[in-house]
Amino acid sequence: MLLTESIKANFPVFAEDDLLSEMEKYCVVKNLEVGKSLIDIGEEVVSVPLIMKGTVKVVREDADGNELLLYYLNQGDTCASLLTCCMNKTLSEVKVTVLEDVSVLMVPIRIMDEWMRKYTTWRNFVMLSYRERMEQLLVTIDSIAFKKMDERLLLYLQQRSSELNTNILCGTHQEIADDLHTSREVISRLLKQLERMGRINLSRNKIEIISLV
DNA sequence: ACATTAATTGTGT
DNA sequence: ACACAATTAATGT
């Protein structure tokens with residue numbers, strides 16, 4: 001009842017009553033605070049999170065613990081990588097950590113096979129999540145491979161502001177630098193340039209976007 | 001309200 | 001990349 005309502009509110013695509021009542025029956029809501037981990041690399045994927053509120057960060061990691069940002073997930077999103085792990089019954093390829101307190105709907109893996117067959121809306125949701133994530137990752141990979149840092153930063157700001165649907169991004173220059181694998185100074189200087197061009201406004205822990213085009 | 005401290009940001013080399 | 005200065009926010013008194 002209450003759960004169904006919040007599912008509807010956050011994932012309007014799930015309109016089928018049967019699917020909704022099964023969700024109500026099998027899924028659980030998890031609330032996690034900043035810094036908590038949803039899943040780590042190598043762990044078994046027992047359920048897939050649908051984000052109802054908050055933000056998480058999905059990363060890969062190399063042997064020495066250097067993190068590679070894959071993508072952020074916000075309200076209405078789910079993790080494409082975990083979906084594949086789920087369907088192939090493989091261990092998690094990614095680490096998912098909470099960036100802003102989240103409330104997630106955990107969909108148990110065992111029920112998903114059935115839903116894929118039974119519910120068109122579920123299947124479509126999964127496929128769409130894949131497609132969108134794949135497209136976004138391709139753009140990101142292109143920018144890593146072919147673009148200079150100034151353009152990569154621009155793309156980063158664009159992606160984050162459109163994901164969150166806001167002109168104001170919170171966080172430090174250091175965090176951006178970590179995401180883009182560069183030094184804080186480089187980011188500070190590039191941001192300063194953008195500010196001088198009148199395209200953003202800077203203040204502590206905050207970037208206000210005026211125009212990125 | 002003021003002083004102290006810590007964190008973040010700016011800049012020259 | 002490093003070193004240091006400047007600025008800002010947080011905290012104690």
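Reckoned from all heavy atoms, side chains included, excluding hydrogens, waters and symmetry mates. Just so we're on the same page: letters track the sequence lines, and every chain starts at 1.
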(request) Might you point out which heavy atoms bring A:Met112 and A:Cys86 nearest each other, and give the distance in Å? (result) SD-SG, 3.9 Å

(message) Nearest 0.5 Å, please: how far is CG in A:Asp178 from CD1 in A:Ile187?
(response) 9.5 Å

(request) Walk along DNA chain C from 5' to 3' and tell me the first and last nucleotide with an atom closer than 4.0 Å to a non-hydrogen atom of chain A. (result) C:dA1 to C:dA9

(message) Checking side chain to side chain donor-acceptor pair (under 3.5 Å) between A:Asp179 and each of A:Lys57, A:Gln174, A:Arg152, which is the one that passes?
(response) A:Lys57

(message) Can you tell me how far apart SG (A:Cys85) and CD (A:Glu93) are? Round to the nearest 0.5 Å.
(response) 5.0 Å

(request) Test A:Asn10 against A:Gln75 for side chain to side chain contact (heavy atoms under 4.5 Å, CB included), laying out the working first. (result) CA-CA 7 Å; A:Asn10 290 296; A:Gln75 193 254 95; 3.5 Å; yes

(request) Measure up the A:Trp122 and A:Phe125 rings against each other and bin them: parallel (under 30°), tilted (30 to 60°), perpendicular (over 60°). (result) tilted

(message) For A:Val58, run the side-chain contact (heavy atoms from CB on, under 4.5 Å) check against A:Ile39, A:Val96, A:Thr97 and tell me which one passes.
(response) A:Val96

If you restrict it to nitrogen or oxygen atoms, what contacts under 3.5 Å exist between nucleotides 5-9 of chain B and the protein, and what is each distance?
residue: B:dA7; atom: N3; partner: A:Arg204; partner atom: NH2; Å: 2.2
residue: B:dT8; atom: O4'; partner: A:Arg204; partner atom: NH2; Å: 3.2
residue: B:dT9; atom: OP1; partner: A:Asn205; partner atom: N; Å: 3.0
residue: B:dT9; atom: OP2; partner: A:His173; partner atom: N; Å: 2.9

